[in-house]
Structures are given as C-alpha cells and as structure tokens.
Number of protein chains: 2
Amino acid sequence: MARTQGSHSDITGPRIRKAALGLFARHGYAAVSMRQIAGEVGVQAGALYNYTPDKQSLLFRLMHEHMQELLSAYDDLDQSEDASEALRQFVGFHIRFHLERPDEVFIAYMELRNLTPENFTEIEALRRRYEDALEAILRTGQAARVFDIADTKIATLAVIAMLNGVMTWFRSGGRLSLDEVEQVYWDMVRRSVSA
Amino acid sequence: MARTQGSHSDITGPRIRKAALGLFARHGYAAVSMRQIAGEVGVQAGALYNYTPDKQSLLFRLMHEHMQELLSAYDDLDQSEDASEALRQFVGFHIRFHLERPDEVFIAYMELRNLTPENFTEIEALRRRYEDALEAILRTGQAARVFDIADTKIATLAVIAMLNGVMTWFRSGGRLSLDEVEQVYWDMVRRSVSA
DNA sequence: GTTCTATCTGAACATACGTTCAGATACGGT
DNA sequence: ACCGTATCTGAACGTATGTTCAGATAGAAC
C-alpha cells in the first residue's frame, strides 16, 4: 500500500527534517541511517528521496537553514549605538536563540566535518558573518575606550566560546532561570572586556 | 605472509592507537572503519584485534588515557595558596596542555556520545574531577574576597568553555605566540571573575 | 465515475561494516 | 639447526549501508 491516508508533501518533508535533526543531534550524522530516519517518520527509506537528493543534502539543509535563521534573527534586532549596550543585547540574544534550538546548534557545530568541502565552505562563511557582527561591537567599544581588549579577534572567539558553554549544562526548569543565566553571563562578559 | 619484518607488539600497539586517534579526530568515530585504521598502520583489519577487543574499547582507551594524563599532569603542579595566582596557573596549564594534544582533546569531547553508557560514566567522572579542581580555586578566591563571582559552578564551566575556544583557532606559528595567547586569555579570565 | 499524478512501498543493487579464525610466517630461545 | 609462539594474513561471516526504481495506491480534477 502506497500513498497512505493523510500523507502530503507539505507534511512529510518537515517531519523528515525534524526526525533527522533529532537523530543527528543524538547519535551523530555518520551513525544515523536513512532507515532510522524513515522509521521515525513512519515511512520506508526510499520515500525520503522524494524530499532530499541524498543524505548529505539533508544535513546541509539543516545546518544552512539554522545559520540563515540565526543571521536574520540577529539582523532583526535594532542594535544600540552604545557598544556596551550592544554587547549586552548580543549576549542576551545569543543565549536565548541558542538555548531555544539545542539540536540545531549541536549539529551546526559538531557535524561540520561531515560536510563536503563545498558545503563546509558555505556554512563556514555564514558562521563568519555572525562572528564579525560581534567583533564589530567590540571594535566600536574599543575605539570609544569603553572596552579594553588586547585582541578583538581573539576576544570575539573567546566570548562566543564562553557563551556556547551554556548549552552544555543548562536545562530549563533547573536551578537557574533563563533571566538569571543571562545576567550571570553578561556580568562575566562585560567585565572580561571592560576598561 | 604474516609476521612481516621488524613487527612487534610494542610497536604495532601504539601505532594503531596513534592512527585511530588521528582518524577519529578528523572524521569522527562512527565514520572511521577498522580497515582504514589498519590501512594506516600497514596491516590487515584482523590484526587490530590482537590489540583491542573491539572498536569501542579502542575509543575508550584513547579517551581514558587522555583524561588520566590531564589529571596527573595537573596534580604534578604545586599550586599556589593564593587564589589569583592559582587561577593564573590553571589558565596557563589548561591552554598549554590542551594545545599540545589537539586530537586527544577533540575526541575526548566530541565522541562522548559514541561511548557505551558505562564507559561514558567513567569518562564523565574524570572530567568532573578536573572541573572540580577549578571550582575549588574559584571558591577559595571567593571566600577571600579576591574574586566576585555570582555562581562558582557556572563560572567554572564558563571559564573552561572560554579556554577551550582557543583550540578552534590557534595554530602554532600563527599571528600570536603561545605566551601571548596565554596572556590574552589570562587577562580576560582574571577580569571576568575579579572583585 | 473515470483519469491522472503525486506519493509511497517493497524489493533489489552493489558495497561496506565489525568481527572471527584457521593457517602462514618470522623471530627469540635453545 | 630446530622448535615454539607471538604476530599477521586472507578469507569469510552475517548484517547494514545509501540509493534506485518499477509498481501500487489514494486523493484531486473534471
């Protein structure tokens, strides 16, 4: 029996990507088979190929869409002219955006090595654009002497690394609320770059 | 022909682990086959099983040895009583130890999900011991009012995450020397926790 | 009510996987 | 010079992989 009841392209496509997202995040791209993904959707493996040309494209699409959403969500912020305030906005945005999408973030960063070289280059360029946004803030603050940073490039990476650390331990409903976490991290980031 | 010239257990064993280390780091545990590892050593796949009961044990041993070395190297430091100085020591030790072992570090952190539950528990306990060492420093400094930290547990994880970020970009022979890198990170860490 | 087509099944393809093991070989000890 | 054994080969095992495709079916269009 094919074309089971209530099946539609608009439904199956997203369901496949959602299943792949969860499985890739939990077990890793290489360790997940197309049959597992299909099984989670309730479909045979062959049906996946109505929605993706191959497994690699499935991974790439997940990562690409995530990075696009990250950048466009960040662009939607109307950033403060004040560097210190802009940095505070960045910290809050980064923590909240990433905590809302643990699987996407995990994949976008753990599965880079499983991308083909061309796909890797493309994702890397998007990641770079995001880093540049933070570096611009740090440079502005440095020029205005509100920050005192030895090396803005390193500081950019250090701040992002520090913020990403929150993903390894934060569980909603845990000891601290999101607001508290944001406050704690902002305190540390602010002091680490302040004049 | 078996038992080729100059082959010995003392030589092949380490060579297998070295090959596995590099391949796991580059392509990921799940994406690397026993035949690839054997090929890099110049041996047939079956020969690997003279040195490891299975693929999982190979991964576990690499991670376990790495964590043991980390802890014993840290224990060899004679730590300062002064919390600020102890933190400086920790930052320097962490950066140098980890930059000397990029592959080991990468694996110990990316391949956790490919460990069996029992193996995972064991590695996690070792990692926890290392984190506790840093937290002890932060607590001491907090008690002595030389640090001003909202939450020592979070600060511990934030500092380690920040320091680990150095591994994503540092290349020896690059723009900055190891000493300069250490100085830059120490500046940021110190300020992020200082009173 | 018939036709048309998007969607899915089920089976097959070639290839790869981790692991085992009988047999071959080269070195260390005598 | 010979033996014993640690070490490795080469082939095989069953299973799994990504991908393809002819055929079946269900809903949309008329």
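Every chain is numbered from 1, with letters handed out A, B, ... down the list of sequences.
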By side chain to side chain contact (heavy atoms under 4.5 Å, CB included), B:Gln183 pairs with (sequence neighbours left out) B:Trp186, B:Asp187
Between B:Ile11 (CD1) and C:dC27 (C1'), how many Å, whole number? 13 Å
Between D:dT19 (C1') and A:Tyr51 (OH): distance, integer Å: 17 Å
Locate the shortest heavy-atom distance separating A:Met167 from A:Pro102; write the atom from each residue and the value. CE-CA, 3.8 Å
What integer distance in Å separates A:Ile16:CD1 from C:dC8:C1'? 11 Å
Sequence neighbours left out, what pairs pass salt bridge (charged side-chain N to carboxylate O under 4.0 Å, His left out) with at least one residue falling in residues 43-65 of chain B? B:Arg61-B:Glu65
Using atom CG of B:Leu59 as one end and atom P of C:dG18 as the other, report the distance to the nearest whole Å. 13 Å
Phosphate oxygens OP1/OP2 of D:dC8: is one of them under 4.0 Å from a side-chain N or O of B:Thr12? yes
Residues 16-45 of chain B, side-chain donor-acceptor partners within the protein, below 3.5 Å, at least two apart:
from    : atom 1 : to      : atom 2 : distance (Å)
B:Tyr29 : OH     : B:Gln56 : N      : 3.2
B:Ser33 : OG     : B:Arg35 : N      : 3.4
B:Ser33 : OG     : B:Gln36 : N      : 3.1

Terminal helix-axis angle for the helix from C:dG1-D:dC30 to C:dT30-D:dA1, with five pairs defining each axis and rounding to 10 degrees: 20°
Taken to the nearest whole Å, CD/B:Gln44 to C1'/D:dT9 is 6 Å
Where each residue is assigned the nucleotide of DNA chain D containing its nearest heavy atom, which of A:Pro53 and B:Val43 is assigned the position nearer the 5′ end? B:Val43
According to side chain to side chain contact (heavy atoms under 4.5 Å, CB included), who are the partners of B:Asn50, at least two apart in sequence or on a separate chain? none
Looking at the side chain of A:Asp54, which of D:dT19, C:dT9, C:dT19 is the nearest nucleotide? D:dT19
Spacing between B:Asn50 atom CG and D:dA6 atom P, to the nearest angstrom: 11 Å
Send over the distance from B:Arg15 CZ to D:dC8 P, rounded to a whole Å. 9 Å
Please list, in numerical order, the residues of residues 23-35 of chain A that have a heavy atom closer than 4.0 Å to any atom of DNA chain D. A:Val32, A:Ser33, A:Met34, A:Arg35
Show the nearest heavy-atom pair for residues A:Leu176 and A:Phe170, with the distance to one decimal. O-CE1, 3.6 Å
All N/O donor-acceptor pairs, side-chain side in residues 143-160 of chain A, below 3.5 Å, sequence neighbours left out:
from     : atom 1 : to       : atom 2 : distance (Å)
A:Asp151 : OD1    : A:Lys153 : N      : 3.0
A:Asp151 : OD1    : A:Ile154 : N      : 3.0
A:Asp151 : OD1    : B:Arg175 : NH2    : 3.4
A:Asp151 : OD2    : B:Arg175 : NH1    : 2.7
A:Asp151 : OD2    : B:Arg175 : NH2    : 3.2
A:Thr152 : OG1    : A:Glu135 : OE2    : 3.3
A:Thr156 : OG1    : A:Thr152 : O      : 2.7

To the nearest Å, give me how far apart CG (A:Leu48) and P (D:dG18) are. 10 Å
What pairs of residues pass the side-chain hydrogen bond (donor to acceptor under 3.5 Å, both in side chains) test when at least one of them lies in residues 96-107 of chain A, not counting sequence neighbours? A:Arg96-A:Asp179, A:Arg96-A:Glu182
Going by atom type alone, with no hydrogens or angles, which donor-acceptor pairs under 3.5 Å involve a side-chain atom of residues 70-79 of chain B and a protein atom two or more places apart or on another chain?
from    : atom 1 : to      : atom 2 : distance (Å)
B:Tyr74 : OH     : B:Gln79 : OE1    : 3.1

